[in-house]
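What follows is one structure encoded as C-alpha cells, with my remarks underneath.
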Amino acid sequence: MKKRIAAIAFAAALALLLSTSTLGATLKYGSRGDDVYTLQSKLKRWGYYSGSVDGIFGSQTLSAVKYFQRKNGLVQDGIVGPATAKALGMTLDSSQSTGGSSTSSSSDVNLLARVVYGEARGEPYKGQVAVAAIVLNRVKSASFPNTIAGVVYQSGAFSIVADGQINLTPNSTAYQAARDALNGWDPTNGCLYYYNPAKTTNKWMLSRPVSVVIGSHSFCR
C-alpha cells in the first residue's frame, strides 16, 4: 500500500514537473511580457486583433488567438504553443512567457526605445518606428557594429548620445515603436540613414538620394 501511494505521489510530482517545464514555451491567458507584445502586434497588423498592444494576454487577445487558430487550421485552444507560435513566425522566450512582471525593460528594447524617444518624439508613429528600424538595419549591415548598443554608441552616430537625451525616460509609444521594429516592421525599406532637412547642414548627408520622407525626417540608403 505504501509503495502504491509513493508511486502515485511520484507520478503526480513528475506530471507537475513536466507541466511547469513546458509552461514557459507557451503564451496563454494571464501571460505578460515582450512575447505578448509581439503576439498582439502581429495579430493586430494582420487584422485578427483590435485591442491595445499592452503586453497583457487578456480576453481580447485570447479571442484573437482563437480566431487566428481557426483561420489557419490549428487547434482552437487560445494557447500559443509551438504549433501556433510557428504559424505566427514567433520564437517564444521561456523566461517571460507566463504570468509575472513584464519584461518590457529588457536591455535591447529599452535602449531602442530611448533612441526613438530622444530622436523622434513628436514625430508620427510610423516615423518613430522608422528611426528604430534604422538602428536595426545598421546592426544587419557589415558597415556598422553588429549590436544595438554598438550602433547606438558608435562615435558620432547619434546626437542624443552626445547631448544626453539618450538618458531620457521613454514613453509607452517609444517602447511600442521599438517593439514593432524588432518584430520586423521597417517603414524605410532598408535605409541606413535619416536626417531632418530643416536642421542638417551635413553636405554628405544632404547629397544622398532620399528614399522616403516620414514627418520631419528624410530617410536614405
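A quick note: this is a predicted structure, and the numbers were derived from the prediction, not measured.
Put simply, the side chain of Lys28 never gets that close to the backbone of Gly78: no donor and acceptor are under 3.5 Å apart. Using modelled atom types, no side-chain atom of Arg221 and backbone atom of Pro209 make a donor-acceptor pair closer than 3.5 Å. Here the side chain of Gln128 pairs a donor or acceptor atom with the backbone of Glu123 at under 3.5 angstrom. Between the Gln69 side chain and the Asp77 main chain, a donor and an acceptor come within less than 3.5 Å of each other. Distance alone, capped at 3.5 Å, places no donor-acceptor pair between the Gln165 side chain and the Ser159 backbone. With hydrogens and angles ignored, the 3.5 Å screen pairs no side-chain donor or acceptor of Asn137 with any backbone N or O of Leu192. Looking at Thr200, its side chain never comes within 3.5 Å of a backbone N or O of Asn202 through a donor-acceptor pair. A donor-acceptor pair under 3.5 Å is formed between the side chain of Tyr125 and the backbone N or O of Gln176. Counting only distance, with no hydrogens or angles, the side chain of Ser207 and the backbone of Trp204 share a donor-acceptor pair below 3.5 Å.
Across every non-hydrogen atom of Ala177 and Ala132, the tightest pair is O-CB, 4.2 Å. Nearest heavy-atom pair, Ala120 versus Val131, reported as atom, atom and distance to 0.1 Å: CB-CG2, 3.8 Å. The nearest pair of heavy atoms linking Phe219 to Thr188 is CD2-CG2, 3.6 Å. Of all heavy-atom pairs spanning Ile56 and Arg32, the tightest one is CD1-NH1, 3.6 Å. When all heavy atoms are compared, the tightest approach of Pro170 to Arg114 is CG-CG, 3.4 Å. The two residues Val151 and Val139 have their closest heavy-atom pair at CG2-CG2, 3.7 Å.
In summary, the side chains of Asp180 and Ser41 do present a donor paired with an acceptor at a separation below 3.5 Å, with no hydrogens or angles considered.
In this structure, Leu206 CG and Thr201 OG1 are separated by 7.5 Å, a value rounded to the nearest 0.5 Å. If you take CD1 on Ile148 and CG on Leu112, they are separated by 5.0 Å, rounding to the nearest 0.5 Å. Tyr153 contributes atom OH, which lies 5.0 Å from atom CD1 of Ile166 (distance to the nearest 0.5 angstrom). Interatomic distance, CG of Leu136 versus CZ of Phe144, reported as 13.0 Å (0.5 Å rounding). For the atom pair Tyr49 OH and Thr61 OG1, the distance stands at 3.5 Å (nearest 0.5 Å). If you take CE on Met205 and SG on Cys220, they are separated by 5.5 Å, rounding to the nearest 0.5 Å.
For Tyr29, the OH atom is loosely surrounded, since the number of other residues' heavy atoms within 6.0 Å does not exceed 12.
Proximity of Lys42 to Tyr48: side-chain heavy atoms (C-beta onward) are nowhere separated by under 4.5 Å. Counting heavy atoms from C-beta outward, Arg138 and Pro145 have side chains that stay 4.5 Å or more apart. Contact check for Leu88 versus Leu27: no side-chain heavy atoms found under the 4.5 Å cut-off. The closest side-chain heavy-atom distance from Leu62 to Phe57 is below 4.5 Å. No side-chain heavy atom of Asn189 sits less than 4.5 Å from a side-chain heavy atom of Ser211. By the 4.5 Å heavy-atom criterion applied to side chains, Ile134 and Glu119 are not counted as neighbours. The shortest distance between side-chain heavy atoms of Thr84 and Ile79 does not fall below 4.5 Å. Two residues are said to be in side-chain contact when any heavy atoms from C-beta on lie closer than 4.5 Å; Leu43 and Tyr67 fail this criterion.
Residues Val213 and Tyr193 share a single hydrophobic cluster, defined by chaining ILVMFWY side chains whose heavy atoms lie under 4.5 Å apart. Under the 4.5 Å side-chain heavy-atom criterion for ILVMFWY residues, a single connected hydrophobic cluster contains both Val115 and Tyr195. Hydrophobic clustering places Val65 together with Trp46 (ILVMFWY residues linked when any side-chain heavy atoms are closer than 4.5 Å, directly or through intermediates). Both Val135 and Tyr175 belong to a single network of hydrophobic side chains, linked directly or stepwise wherever heavy atoms of I, L, V, M, F, W or Y lie under 4.5 Å apart. Hydrophobic clustering of Ile, Leu, Val, Met, Phe, Trp and Tyr side chains at less than 4.5 Å, counting indirect connections, unites Val210 with Val212.
With sequence neighbours excluded, no residue satisfies salt bridge (Lys or Arg N to Asp or Glu O under 4.0 Å) with Arg70.
Between Phe158 and Tyr194, the ring-plane angle classifies as tilted under the 30° and 60° cut-offs.
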